[in-house]
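Working notes, structure below.
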Amino acid sequence: MNIAAILVAGRATGRQAKAWLFKDVVLYPAMGFIGLITLWWVIATFRSELMPNPWQALTSNLDYILHPFYRRGPGNLGIGWLLLASLRRVLIGFLLGALVAIPVGFLIGLSRPAMLILNPIIQILRPVSPLAWLPISLAMFGVAEPSAIFVIFITSLWSTMINTALGVGSVPKDYIDVARVLEMPKYRQIFKIILPASLPYIFTGLRLSLGIAWLVIVAVEMLTGGVGIGFFLWDEWNRLNLSSVFLAVIVIGVTGLILDYLISRLQVLVTHRPAKPGS
């Protein structure tokens, strides 16, 4: 094959790649969003008197969108400040949960007695609804802020803990046998062999836990009030302002997507392996 033929073939492959990228990244997602907006428009027009259509929701929320960080009094804040308040609670509770869940997961994965002791407790507490923890946390702390963080903490434990234990237990036995033959100390086995092999499982647990934490904070803020995106959503519904409710829903969804993307990028940086979509 001569050089001209190679160049032609390369250009054809490049065009195919661009066409594939355009369809997968732009065209098909755009079709999905257009379909969703069309469905919203139809429901708002023919099935609901309260629900605004997309154009009405956009025009009603222009002030929030164009000025997300305004301050017009103690209780009149832009949606950007409300989002940051919710994110702060989520990240504090999530990080505290990770600090507990990862070591406990290692203990369960490394020790059969620890697994037999802790597994029944985990299986009992894991299915408990996040909102069931709210009265308990309010009884312990007495105020909304630490109570919300505690609920995030307790509900973000289980996915990380279980996935960490699974990752530790899945380390090939041959690796451990070689380390023992080399008389490697236990702490070096953990940091040089077990931890690197378990990282994909740990990050899967962290991504699941962060998603759960972001879901929970909205419901908790609806009940506890104060400053936050969840309380904003509930307060706007009480005012029958459905346009702002839709804005809150979109902000919550986009923020959840960004959080998952960020932790998947962190996973790639730490493990040097591609993060699986939805893992």
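Keep in mind it's a predicted model, so treat the numbers as computed, not measured.
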Under a 4.5 Å cut-off applied to non-hydrogen side-chain atoms, are [X] and [Y] in contact?
X    : Y    : answer
W214 : I252 : yes
I108 : N119 : no
F141 : I149 : no
I154 : V128 : no
L195 : F106 : yes
L134 : T224 : yes
L266 : F203 : yes

Interatomic distance, [X] atom [atom1] to [Y] atom [atom2] [nearest 0.5 angstrom]:
X    : Y    : atom1 : atom2 : answer
R89  : L84  : CZ    : CG    : 11.0 Å
T271 : I202 : OG1   : CD1   : 11.0 Å
L83  : R88  : CG    : CZ    : 12.5 Å
L247 : L242 : CG    : CG    : 12.5 Å
I79  : I65  : CD1   : CD1   : 8.5 Å
Q267 : D260 : CD    : CG    : 9.5 Å

Path from [X] to [Y] over hydrophobic side-chain contacts below 4.5 Å:
X    : Y    : value
L95  : L206 : yes
I263 : L87  : yes
L223 : I212 : yes
W133 : M140 : yes
F94  : Y201 : no

Are F153 and V100 close enough, and set up right, to give a side-chain contact (heavy atoms from CB on, under 4.5 Å), and what steps lead you there?
CA-CA 9 Å; F153 163 79; V100 173; 3.8 Å; yes
Report the hydrophobic cluster partners of L36, with the cluster defined as I, L, V, M, F, W, Y residues connected by side-chain heavy atoms closer than 4.5 angstrom, directly or transitively.
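Besides L36, the hydrophobic cluster comprises nothing; the residue is isolated.
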Linking Ile, Leu, Val, Met, Phe, Trp and Tyr through side-chain heavy atoms less than 4.5 Å apart, which residues share a cluster with V143?
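V143 clusters with nothing; isolated.
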From CA spacing to verdict: side-chain contact (heavy atoms from CB on, under 4.5 Å), W234, V245:
CA-CA 8 Å; W234 190 244; V245 169; over 6 Å; no
So, for [X] and [Y], which heavy atoms are closest and what is the spacing to 0.1 Å?
X    : Y    : answer
L77  : W81  : CB-CB, 4.2 Å
A144 : L138 : CA-CD2, 4.3 Å
G230 : M222 : O-CG, 3.5 Å
S137 : V151 : OG-CG2, 3.7 Å
I152 : A213 : CD1-O, 3.2 Å
S156 : G97  : OG-CA, 4.0 Å

Would you confirm whether S60, through its side chain, and A57, through its main-chain N or O, come within 3.5 Å as a donor-acceptor pair?
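Not confirmed, S60 side chain does not pair with A57 backbone.
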Check: T45 side chain, V42 main-chain N or O, donor-acceptor pair, under 3.5 Å
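No, because the side chain of T45 does not come within donor-acceptor range (under 3.5 Å) of the backbone of V42.
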For N53, which residues count as a side chain to side chain contact (heavy atoms under 4.5 Å, CB included) partner, sequence neighbours excluded?
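If we apply the side chain to side chain contact (heavy atoms under 4.5 Å, CB included) test to N53, skipping adjacent residues, the hits are W41, A44, W55, Q56.
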Return all side-chain donor-acceptor pairs below 3.5 angstrom for residues 163-170, not counting sequence neighbours, or 'none' if the list is empty.
from	atom 1	to	atom 2	distance (Å)
N163	ND2	S159	O	2.8
T164	OG1	T160	O	2.7
S170	OG	L166	O	2.6

Working note: F232 + Y64, criterion ring-ring contact (aromatic ring centres under 6.0 Å, His included); need CA distance, chi angles, decisive distance, verdict.
CA-CA 12 Å; F232 170 80; Y64 285 119; 5.3 Å; yes
Quick one: list whatever passes salt bridge (Lys or Arg N to Asp or Glu O under 4.0 Å) with R126, sequence neighbours left out.
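With sequence neighbours excluded, R126 shows a salt bridge (Lys or Arg N to Asp or Glu O under 4.0 Å) to no residue whatsoever.
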Test salt bridge (Lys or Arg N to Asp or Glu O under 4.0 Å) applied to R239 - qualifying residues, sequence neighbours left out
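Partners of R239 by the salt bridge (Lys or Arg N to Asp or Glu O under 4.0 Å) criterion, ordered by chain and then number, come out as D235, E236.
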Are more than 12 heavy atoms from other residues, nucleotides or ligands located less than 6.0 Å from atom OH of Y261?
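At most 12 heavy atoms, drawn from other residues, nucleotides or ligands, come within 6.0 Å of this atom.
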What's the verdict on side-chain contact (heavy atoms from CB on, under 4.5 Å) for L110 and I190, showing C-alpha distance, side-chain angles and the deciding distance?
CA-CA 10 Å; L110 292 172; I190 291 174; 4.0 Å; yes
Apply side-chain contact (heavy atoms from CB on, under 4.5 Å) to L82 and F231, showing your working.
CA-CA 9 Å; L82 305 179; F231 176 70; over 6 Å; no
